[in-house]
Asker: 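Below is the structure I would like to discuss, written out as structure tokens.
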Amino acid sequence: MVGTVNQETIRADVRRLLTRPDVQPPLDRLGAALPPGARACLFGGAIRNLILVRVHGSSPETRDLDFVIAGLPEDFCLPRCLPRREREVTEMGGVRWQPPDSPFSFDLCRLADFLVFRLFPMPPTLENLLANIDFSANAVIYDPAEDRLYERGCINAIYTRCFDFNTLRLCDKLISTYRILVLSHKLGFTLSERVFNYLRATADIDLLISLKRALAAGVGKDRAAVLLAYYRRIRSFRNYSAYVATAAEPPPEPADG
């Protein structure tokens, strides 16, 4: 373990990220295109990776920055505020923006457009979004307008390297299984008992067929094969105690080429 973290150290790390010369100019352009009162709040993996470096000394590479856009009027069209050649509307209703002056992809979504707010009757607030992010390792949001960090079990999950649900409002079995495999394998975290039992309870032939297709399309055939082997290994344990006893380390990545 490399060091300890607190709210101030995390906020300082996030501020440094957002003021990088390959991040701040695109954010300034985005801010100028948004209506007054709207703000882009960073959440999820990029902050998680900063905490991982603080606590354990390393993290997966950060390739994209996820932003929730709060304070938008209902009739505001987010894609139209970005150059057409730089944007792509995603399947989940967000926008992937690739500024030419940044190595990062900026994944943007209106707060009210998150699936959980479309499926469940609750106000679209940052607090409710935080409570319904799927996994605790990603349950963190930074609001730059207030220099405020919203966190719900993320720091503890990173300290303990435990991959657990942050909410039980799971919108889709295939999406949840896909994300469990991709994220827990990438992070190298041990599954919690709830996640372990979920993978075993939801497994069926239809899910497996759909999962194979989704992984091949999302991460490529080679990595899909690794993740499916990881999935089969998890399901091979007779119970959670047997899984924990072996430390359930993910299999090694295939060699390049």
Asker: Side chains of Asp164 and Ser192: is there a donor and an acceptor less than 3.5 Å apart?
Answerer: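 Yes, Ser192 and Asp164 have a side-chain donor paired with an acceptor closer than 3.5 Å.
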Asker: What pair of heavy atoms forms the shortest contact from Ala112 to Phe117, and how long is it?
Answerer: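 Closest pair (atom of Ala112, atom of Phe117, distance): O-CB, 3.9 Å.
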Asker: For the hydrophobic clusters of this structure (ILVMFWY residues joined by side-chain heavy atoms under 4.5 Å, transitively), does one cluster hold both Phe120 and Leu129?
Answerer: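 Linked within one cluster.
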Asker: Just checking, is any N or O donor in the side chain of Ser105 or Gln98 under 3.5 Å from an acceptor N or O on the other one?
Answerer: yes
Asker: Are Leu168 and Tyr240 connected into the same hydrophobic cluster when the rule is that any two of I, L, V, M, F, W, Y join if their side-chain heavy atoms are below 4.5 Å apart?
Answerer: yes
Asker: Do NZ/NE/NH1/NH2 and the carboxylate oxygens of Arg48 and Asp66 come within less than 4.0 Å?
Answerer: no
Asker: Could you see if Leu187 belongs to whatever hydrophobic cluster contains Val244? Use Ile, Leu, Val, Met, Phe, Trp, Tyr and a side-chain cutoff under 4.5 Å.
Answerer: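 They do share one cluster, since a chain of ILVMFWY contacts under 4.5 Å joins Leu187 to Val244.
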Asker: For Ser102 and Asp22, test the side chains for any donor-to-acceptor distance below 3.5 angstrom and give the result as yes or no.
Answerer: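 No, Asp22 and Ser102 have no side-chain donor paired with an acceptor closer than 3.5 Å.
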Asker: On a heavy-atom basis, which atom in Phe189 and which in Tyr230 lie closest, and how many Å separate them?
Answerer: O-OH, 4.4 Å
Asker: How long is the span from the CG atom in Asn239 to the OH atom in Tyr243, to the nearest 0.5 Å?
Answerer: 13.0 Å
Asker: Tell me the closest heavy-atom pair linking Phe106 and Val23, and the distance in Å.
Answerer: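 Answer, listing the atom of Phe106 first, then Val23: CZ-O, 4.1 Å.
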Asker: How about Phe135 and Phe163: are their ring centres within less than 6.0 Å of each other?
Answerer: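 Aromatic pair counts; centres sit under 6.0 Å.
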Asker: Taking the cut-offs as 6.0 angstrom to the six-membered ring centre and 45 degrees off its axis, would you call Arg110 and Phe76 a cation-pi pair?
Answerer: no
Asker: Do Arg15 and Glu8 meet the salt-bridge criterion of a basic N to acidic O distance under 4.0 Å?
Answerer: yes
Asker: Show, in sequence, the C-alpha distance, side-chain angles and deciding distance for Tyr198 and Phe165, and conclude whether the ring pair (Phe, Tyr, Trp, His ring centres under 6.0 Å) test is met.
Answerer: CA-CA 10 Å; Tyr198 179 85; Phe165 291 119; 5.4 Å; yes
Asker: If hydrophobic clusters are built by linking Ile, Leu, Val, Met, Phe, Trp and Tyr wherever their side-chain heavy atoms come under 4.5 Å apart, do Val89 and Trp97 end up in the same one?
Answerer: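 Hydrophobic grouping puts Val89 apart from Trp97.
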Asker: With rounding to the nearest 0.5 angstrom, report the SG to CG distance, Cys77 to Leu82.
Answerer: 9.5 Å
Asker: For Arg11, is there an ion pair with Asp143 - N to carboxylate O distance below 4.0 angstrom?
Answerer: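 Here Asp143 does not pair with Arg11 in a salt bridge, since their nearest N and O are not under 4.0 Å apart.
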Asker: Should the heavy atoms of other residues, nucleotides or ligands under 6.0 Å from CZ of Arg213 be counted, would the total exceed 12?
Answerer: no
Asker: Go through Tyr150 and Arg152 one step at a time and tell me if the side-chain hydrogen bond (donor to acceptor under 3.5 Å, both in side chains) criterion holds.
Answerer: CA-CA 7 Å; Tyr150 298 77; Arg152 191 171 187 261; over 6 Å; no
Asker: If you compare all heavy atoms of Phe196 against all heavy atoms of Ile234, which two are closest, and at what distance to 0.1 Å?
Answerer: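 Closest pair (atom of Phe196, atom of Ile234, distance): CE1-O, 3.5 Å.
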Asker: Kindly check if the number of other-residue, nucleotide or ligand heavy atoms within 6.0 Å of NZ (Lys212) is above 12?
Answerer: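 It does not: Lys212 NZ has 12 such atoms or fewer within range.
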Asker: Quick one: does Arg118's side chain have a donor or acceptor within less than 3.5 Å of a partner on Asp113's backbone?
Answerer: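 Checking the backbone N and O of Asp113 against the side chain of Arg118, a donor-acceptor pair under 3.5 Å is found.
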Asker: Charged N to carboxylate O under 4.0 angstrom, Asp107 versus Arg96?
Answerer: yes
Asker: If you compare all heavy atoms of Pro123 against all heavy atoms of Asn128, which two are closest, and at what distance to 0.1 Å?
Answerer: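 Taking every non-hydrogen atom into account, O-ND2, 2.8 Å.
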Asker: Below 4.0 angstrom, N of the basic side chain to O of the carboxylate: do Arg169 and Asp134 qualify?
Answerer: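 Answer for the salt bridge query: no.
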Asker: Under a plain distance cut-off of 3.5 Å, with no hydrogens placed, do Arg233 and Tyr231 share a side-chain donor-acceptor pair?
Answerer: no
Asker: On a heavy-atom basis, which atom in Tyr178 and which in Val219 lie closest, and how many Å separate them?
Answerer: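 The pair with the smallest heavy-atom distance is OH-CG1, 3.8 Å.
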